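Scroll down for the structure; my scribbles are underneath it.
Not measured: the values here are computed from a predicted model. Excluded from the calculations below are hydrogen atoms, water molecules and symmetry mates; all remaining heavy atoms, backbone and side chain alike, are included.
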Protein chains: 2
Amino acid sequence: MATTLLARINERLHQFSKTEKKISAYILNHAELIPNMTTKELANKADVSEASVIRFAKTIGIGSFKTFKISLAQELAVKEGYITDFSILQKKDSPYEMFQKVVHVNKNAIELIMESLDKKELDDAVTYLKNARKIIFYGVGGSSIAAMDALYKFTKLGYQVEFNLDFHYMLSKVPHFNSEDVFVAISMSGRTKDVLDLARLSQKKGAKVIAITNINKSPLYKEADIRLATPNVEQDFRIGSITSRMTQLTIIDSLYISIFNSIGENVLDEYQEARDHVVKLRR
Amino acid sequence: MATTLLARINERLHQFSKTEKKISAYILNHAELIPNMTTKELANKADVSEASVIRFAKTIGIGSFKTFKISLAQELAVKEGYITDFSILQKKDSPYEMFQKVVHVNKNAIELIMESLDKKELDDAVTYLKNARKIIFYGVGGSSIAAMDALYKFTKLGYQVEFNLDFHYMLSKVPHFNSEDVFVAISMSGRTKDVLDLARLSQKKGAKVIAITNINKSPLYKEADIRLATPNVEQDFRIGSITSRMTQLTIIDSLYISIFNSIGENVLDEYQEARDHVVKLRR
DNA sequence: ACTTGAAATGAAATTTAATTTCATAAAATT
DNA sequence: AATTTTATGAAATTAAATTTCATTTCAAGT
């Protein structure tokens, strides 16, 4: 039985020269990157010459580096869930390598929501939002992006929805809440003071508080009426906020699509009208 | 929905020119051969020019013929009936089912950027942004979310960066541009009038225009100095904007991470200080 | 029917990427 | 210690991809 390319490289490691070992190590640790690399790039990364890369491909039985890349690409396509820890950024990564890692990390984060989000909590959230008189979204920093996106989408759906970064302005809004209203608190940590204050004030007024927050025992997580849990994605501190925003946005998307699906016929005319205006702004 | 490469070619056959049809026919009938062919070989077999082969790869959304071959090789390796039309939302879908579809669609969209984004364009974009005196991000509607996110991230990196939804306000800002500045235009369609106007004005002032726009022949795509191409993701009109926003945000993330990686040591103190303040806002 | 502009197209030029060649250093053998 | 073989990287060459430019074709307007 023919083993895979990577397996073949692995089992012949002890036979390799020092230079071949350097190339092998890089390939085994960065397999996904190889199909889009040039000989020069791989040579630089492995700290060998381009000629050595060409020789290596021949040594392991592939006629050319070009073919080596094609074969490896095919093998990786088949191999499910090939997980390498991309989160540790290396100083000498090129922009394209970092881009590939970002793609990987973002895909993984979105996938992980499947593990953290509770079906019933989502159903309940959709039900409350659908029937809400007024909706307020609130998040700060990176989470404000998701709040902004929600504002945009729920406005399109015809809801009385609001989001404003000005905490004091929000302090004037929330007291007018009642039991028909919904406050959506967005906070990765679940410990952001302004978000917590507004959530608690909303509850005092009888509104439902939906939290989009990481699945852990934060104050917001504990106190919210409905918890739409985002996964705890342990990342390098430099990119941690990227993945949480992706997961928050995916949840916002899901709420939007669910409600659209439920009430869509009622707003199709207005919805189409808005789209027509958008098209008019194009060339 | 992200269909397979071959499915995509097949369903667009009627839109193709005579030459494109010749190339398509050969590819569809000899798919397994393509990954190991050169542009010259395919051109000869399809009775077209090599330039037409290159163009064809771009027309169907792949940035280069090289990448086209890799993608096709991977697709042929998997060869599962991977095609499900997730975009047709069914009325009786539960919120959780819709959530699963959103997760799938978003992951696919992010994956597809690997096919559309050009490595060199990304390198150039990082270089210009890194050395920019002033950066303006601009997008409207759904694309404003990405602009907002970019504003937040590049502010953290210590850049003089700006984004404002007020087009007239922007009209007052852009005339102060010079050749050391960068204008980042974010528009899925590449035809949004306000975005185009500001991009052209920026170029007149000698600034570099980086476009984050779909890989197609839009005015913005043609006129930009650097094109960070997002994939053409054919979606149900109700959710089309979701995927483009995800792809735009992933590109913003990649730019941010690349620049952080490059200049990070210079801003680590300020960066940590900002984080400390964020932590202080938590309980 | 004619004109004009846009789009399509292929040939040729240019650039990029892969491979080979050549010289040198290191390792192995005698 | 000397010689031969192997490994290796820099540079040159070749192959492949992409871009540029000129021409042809097509579509729209008059």
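With hydrogens and angles disregarded, no donor-acceptor distance shorter than 3.5 Å links the side chain of B:K205 to the backbone of B:H176.
For A:T67, the side chain to side chain donor-acceptor pair (under 3.5 Å) partners two or more places apart in sequence, or in a different chain, are A:S64. Under the salt bridge (Lys or Arg N to Asp or Glu O under 4.0 Å) criterion, B:D225 pairs with no residue at all, not counting sequence neighbours. For A:S49, the side chain to side chain donor-acceptor pair (under 3.5 Å) criterion is met by A:S52, not counting sequence neighbours.
When rounded to the nearest whole Å, the span between CD1 of B:I62 and C1' of D:dT18 equals 16 Å. As a whole-Å value, the separation of A:I34 CD1 from C:dA18 C1' is 16 Å. Rounding to whole angstrom units, CD1 of residue A:I70 and P of C:dA18 are separated by 11 Å. One interatomic measurement links the two molecules: CZ of B:R227 to C1' of D:dT18, which rounds to 13 Å at whole-angstrom precision. A:N44 places its CG atom 17 Å from the P atom of D:dT8, with the value rounded to the nearest Å. Between B:K119 atom NZ and D:dT18 atom P the separation is 12 Å, expressed in whole Å. Distance B:D118 CG to C:dT15 C1': 13 Å, rounded to the nearest Å. Between the NZ atom of B:K22 and the C1' atom of C:dG10 there is a distance of 11 Å, rounded to whole Å.
Taking the six-membered ring for Trp and thresholds of 30 and 60 degrees, A:F65 and A:F68 have nearly parallel ring planes, at less than 30 degrees apart. Classified by interplanar angle (parallel below 30°, tilted 30° to 60°, perpendicular above 60°), the ring pair B:F137/B:F154 is tilted.
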Which is it for B:Q248 and B:S143 under the side chain to side chain donor-acceptor pair (under 3.5 Å) test, yes or no, and what are the steps along the way?
CA-CA 8 Å; B:Q248 288 166 354; B:S143 299; 3.2 Å; yes
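Looking at which nucleotide of DNA chain C each of A:A51 and B:D47 is closest to, the 5′-most match is held by B:D47.
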For nucleotides 4-6 of chain C, which of its nitrogen or oxygen atoms have a protein nitrogen or oxygen under 3.5 Å away, and what is each distance?
none

Mind listing the N/O atom pairs, protein and nucleotides 14-17 of chain D, below 3.5 Å?
from, atom 1, to, atom 2, distance (Å)
D:dA17, OP1, B:K69, NZ, 2.8
D:dA17, OP2, B:T39, N, 2.4
D:dA17, OP2, B:T39, OG1, 3.1

Close N or O pairs between protein and nucleotides 7-9 of chain C (under 3.5 Å):
from, atom 1, to, atom 2, distance (Å)
C:dT9, OP1, B:S17, OG, 3.4
C:dT9, OP1, B:T19, N, 3.2
C:dT9, OP1, B:T19, OG1, 2.6
C:dT9, OP2, B:S17, OG, 3.0
C:dT9, O5', B:T19, OG1, 3.1

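Of the options B:T243, B:T250, B:N214, a side-chain hydrogen bond (donor to acceptor under 3.5 Å, both in side chains) to B:T230 is made by B:N214 and by none of the others.
Salt bridge status for A:K22 with A:D47: present, with a side-chain N to carboxylate O gap under 4.0 Å. Using a 4.0 Å cut-off between a side-chain N of Lys or Arg and a carboxylate O of Asp or Glu, B:K134 and B:E162 do not qualify as a salt bridge.
Cation-pi check for B:K45 over B:Y26 is not met; the charged atom does not lie both under 6.0 angstrom from the ring centroid and within 45 degrees of its normal.
Nucleic acid contact for B:K58: sugar-phosphate only, since backbone atoms but no base atoms lie under 4.0 Å from a heavy atom of the residue.
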